[in-house]
K.L.:
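This is the structure I want to talk about, given as structure tokens.
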Amino acid sequence: MTNLGDLEIFAKVVSTGSMSLAGRALGFSPAVVSKRIKRLEDRLGTRLLQRTTRQISLTEAGQGFYDRVLGILAGIEEAEYYISGRSAQMQGTLKVTAPTSFGRTHVAPHLKSFMDMHPGLAIQLVLSDEFTDIVGEGFDLAIRIAELTDSSLVARRLAPVRRLLCASPDYLAANGTPQTIEDLKQHRCLPAHNNDAWRLEGPEGPLSLRPEGMLVTNSSEVVREAVISGLGIALRSTWDISRELKDGRLVHILTAFEGSRHVTLSAVYPSRQFLPAKVRLFIDYLAEVYGPVPYWER
């Protein structure tokens, strides 16, 4: 009978596209991974993977085998989920990455409740404003605020994202309030930390503009503090500035315009067919916490 561990290694090699990345994720050396794959192929009497110096790809037999292996692993995961659900004990480590500001303000505060419900589950939360290769770096899931285009990953929408143009009362008192989008050219704007263009939707449809400002930073949190302090105009998400809008530290301007509605808050993970129960539980939990109308919008 084929060793179950060999199937897990095979599936990880396929999902990562690399012996070394698969080994890193599973705690094996590349040599051990290669040896286990060869043992699996020898037992089956067929080649599963085509190996070159640059990439690994599935053979025709390997593709069919991989599809069935995912079903096997998913079945085992479901069986474990059934038992863990009955015993209320989810075990293991959940590795999650999220944007820095969002992770600090809207993920971290909710971890205690989730971990109280699953005391046997450890969480490794890595915050970064850069897109992370979740497969290559071994993450179970990523929380992303973006217009998602990577079809190799599966995404579940957690909440809508509204982004508004805003400035502080002090900035507007000193520089005037813009009345049209064209007026922004006469104002000091604060580009996003990744210097992307502002993609907006207005009365006449979508438009794009690239703001220019005196501040360049790799930190979204710096942009947030800069607009609150009166340095200029920014395009910010309501999850980030709802409190400041309510208490008057920021003012919503050019209210006919908002950021593109194609940007959403999503949980992203590698495969729909082999979704670990711990990942499903965490995604379901966050979706319930945020709700169809997120609490920061209420």
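This one's a predicted model, so the numbers in the text were calculated from it and none came from an experiment.
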K.L.:
Check for a donor-acceptor pair, side chain of Arg199 on one end and backbone N or O of Pro206 on the other, with a separation under 3.5 Å.
P.N.:
no
K.L.:
If you group Ile, Leu, Val, Met, Phe, Trp and Tyr by side-chain heavy-atom gaps below 4.5 Å, do Leu26 and Ile72 land in one group?
P.N.:
yes
K.L.:
Taking Arg261's backbone N and O only, do any of them form a donor-acceptor pair with Glu201's side chain (distance below 3.5 Å, no angle check)?
P.N.:
yes
K.L.:
Between Lys38 and Lys35, does a side-chain contact (heavy atoms from CB on, under 4.5 Å) hold up when you go through it step by step?
P.N.:
CA-CA 5 Å; Lys38 185 178 185 305; Lys35 182 178 179 180; 5.8 Å; no
K.L.:
Search all heavy atoms of Arg188 against all heavy atoms of Leu231 and return the closest pair with its distance.
P.N.:
NE-O, 2.5 Å
K.L.:
Determine whether a donor-acceptor pair (N or O, by modelled atom type, separation under 3.5 Å) exists between the side chain of Asp67 and the backbone of Gly64.
P.N.:
no
K.L.:
Residues in side-chain hydrogen bond (donor to acceptor under 3.5 Å, both in side chains) with Arg157, at least two apart?
P.N.:
none
K.L.:
Identify the two heavy atoms, one from Trp198 and one from Cys189, that lie closest to each other, and give their separation to 0.1 Å.
P.N.:
CH2-CB, 3.9 Å
K.L.:
If you define the side chain from C-beta out and look only at heavy atoms, does anything of Ile145 sit under 4.5 Å from Trp239?
P.N.:
yes
K.L.:
Ring centroid separation for His106 and Tyr295, is it under 6.0 angstrom?
P.N.:
yes
K.L.:
Going by salt bridge (Lys or Arg N to Asp or Glu O under 4.0 Å), name the pairs with one or both residues in residues 112-123, residues two or more places apart or in two chains.
P.N.:
Lys112-Asp116
K.L.:
Is there a path of hydrophobic side-chain contacts, each under 4.5 Å between heavy atoms of I, L, V, M, F, W or Y residues, that connects Val96 with Phe114?
P.N.:
yes
K.L.:
List the residues meeting side-chain hydrogen bond (donor to acceptor under 3.5 Å, both in side chains) with Lys185, not counting sequence neighbours, and say none if there are none.
P.N.:
Glu182
K.L.:
So do the side chains of Gln186 and Pro178 get within less than 4.5 Å of each other, counting heavy atoms only?
P.N.:
no
K.L.:
Any sub-3.5 Å donor-acceptor pair from Ser266's side-chain atoms to Ala155's backbone N or O?
P.N.:
no
K.L.:
Checking side-chain contact (heavy atoms from CB on, under 4.5 Å) for the pair Leu250/Tyr171: CA distance, chi angles, key distance, verdict?
P.N.:
CA-CA 10 Å; Leu250 287 176; Tyr171 175 85; over 6 Å; no
K.L.:
Looking at CD of Glu41 and OG1 of Thr46, how far apart are the two atoms once the value is rounded to the nearest 0.5 Å?
P.N.:
7.5 Å
K.L.:
So Glu258 and Leu164, side-chain contact (heavy atoms from CB on, under 4.5 Å) or not? Walk me through it.
P.N.:
CA-CA 5 Å; Glu258 291 191 5; Leu164 312 176; 3.8 Å; yes
K.L.:
How long is the gap from CG on Leu200 to CG on Leu235, to the nearest 0.5 Å?
P.N.:
6.0 Å
K.L.:
Does any part of the side chain of Leu111, heavy atoms only, come nearer than 4.5 Å to the side chain of Phe282, both counted from C-beta?
P.N.:
yes
K.L.:
Roughly how far, to the nearest 0.5 Å, is the OG1 atom of Thr177 from the NE2 atom of His187?
P.N.:
7.5 Å
K.L.:
Is Leu209 reachable from Val223 through a run of I, L, V, M, F, W or Y residues, each pair having side-chain heavy atoms under 4.5 Å apart?
P.N.:
no
K.L.:
If you look only at pairs with a residue in residues 17-34, which of them pass as a side chain to side chain donor-acceptor pair (under 3.5 Å), with sequence neighbours excluded?
P.N.:
Ser18-Ser20
K.L.:
Between Ser220 and Arg236, is any side-chain donor less than 3.5 angstrom from a side-chain acceptor?
P.N.:
yes
K.L.:
Nearest 0.5 Å, please: how far is CD1 in Ile233 from SG in Cys166?
P.N.:
9.0 Å
K.L.:
Are there over 12 heavy-atom neighbours, none belonging to Lys12, within less than 6.0 Å of that residue's NZ?
P.N.:
no
K.L.:
Do the ring planes of Phe102 and Trp296 sit parallel (below 30°), tilted (30 to 60°) or perpendicular (above 60°)?
P.N.:
perpendicular
K.L.:
Is there a path of hydrophobic side-chain contacts, each under 4.5 Å between heavy atoms of I, L, V, M, F, W or Y residues, that connects Val227 with Leu184?
P.N.:
no
K.L.:
Treating Arg224 as the side-chain partner and Asp240 as the backbone partner, does any N or O pair qualify as donor plus acceptor under 3.5 Å?
P.N.:
yes
K.L.:
Minimum heavy-atom separation for Ile181 and Leu207, please, with both atom names.
P.N.:
CG2-CD1, 3.9 Å
K.L.:
Is there side-chain contact between Ser113 and His110, with heavy atoms separated by less than 4.5 Å?
P.N.:
no
K.L.:
If only side-chain N and O atoms count, and only distance matters, is there a donor-acceptor pair under 3.5 Å linking Gln50 with Ser57?
P.N.:
no
K.L.:
Nearest 0.5 Å, please: how far is CZ in Phe28 from CD1 in Ile9?
P.N.:
4.5 Å
K.L.:
Is any side-chain heavy atom of Asp140 less than 4.5 Å from a side-chain heavy atom of Thr93?
P.N.:
no
K.L.:
With a 4.5 Å limit on heavy-atom distance, are the side chains of Ile37 and Leu48 in contact?
P.N.:
no
K.L.:
Would you say that more than 12 heavy atoms from the other residues, nucleotides or ligands in this model lie under 6.0 Å from the CZ of Arg39, or not?
P.N.:
yes
K.L.:
Flag the pair Ile143 / Leu158 as yes when at least one side-chain heavy-atom distance between them is below 4.5 Å, and no otherwise.
P.N.:
yes
K.L.:
Atom NZ of Lys278 and atom CG of Leu121: how far apart are they, to the nearest 0.5 Å?
P.N.:
7.0 Å
K.L.:
I'd like to know if the side chain of Thr97 reaches the main chain of Ala142, judged simply by a donor and an acceptor atom lying under 3.5 Å from each other, with no hydrogens or angles considered.
P.N.:
no
K.L.:
Who clusters with Val216? Use side-chain heavy atoms, under 4.5 angstrom, across I, L, V, M, F, W and Y, and order the result by chain and number.
P.N.:
none
K.L.:
Might you point out which heavy atoms bring Asp129 and Ser101 nearest each other, and give the distance in Å?
P.N.:
OD1-N, 4.5 Å
K.L.:
Is it true that a side-chain atom of Gln124 and a backbone atom of Ala122 form a donor plus acceptor pair closer than 3.5 Å?
P.N.:
no
K.L.:
Pair Leu94, Leu141 - check side-chain contact (heavy atoms from CB on, under 4.5 Å), show working.
P.N.:
CA-CA 8 Å; Leu94 179 66; Leu141 78 152; 3.9 Å; yes
K.L.:
List for me each residue that meets side-chain contact (heavy atoms from CB on, under 4.5 Å) alongside Arg156, sequence neighbours excluded, and say none if there are none.
P.N.:
Ile283, Asp284, Ala287
K.L.:
Between Leu49 and Tyr66, is there a side-chain heavy-atom distance shorter than 4.5 Å?
P.N.:
no
K.L.:
What closest approach, in Å, do Ala159 and Tyr290 show between heavy atoms, and which atom pair accounts for it?
P.N.:
CB-CB, 4.4 Å
K.L.:
If Ile, Leu, Val, Met, Phe, Trp and Tyr residues are connected whenever their side-chain heavy atoms lie under 4.5 Å apart, and connections chain through other members, are Leu245 and Val251 in the same group?
P.N.:
no
K.L.:
Search all heavy atoms of Tyr269 against all heavy atoms of Ile134 and return the closest pair with its distance.
P.N.:
CA-CD1, 4.0 Å
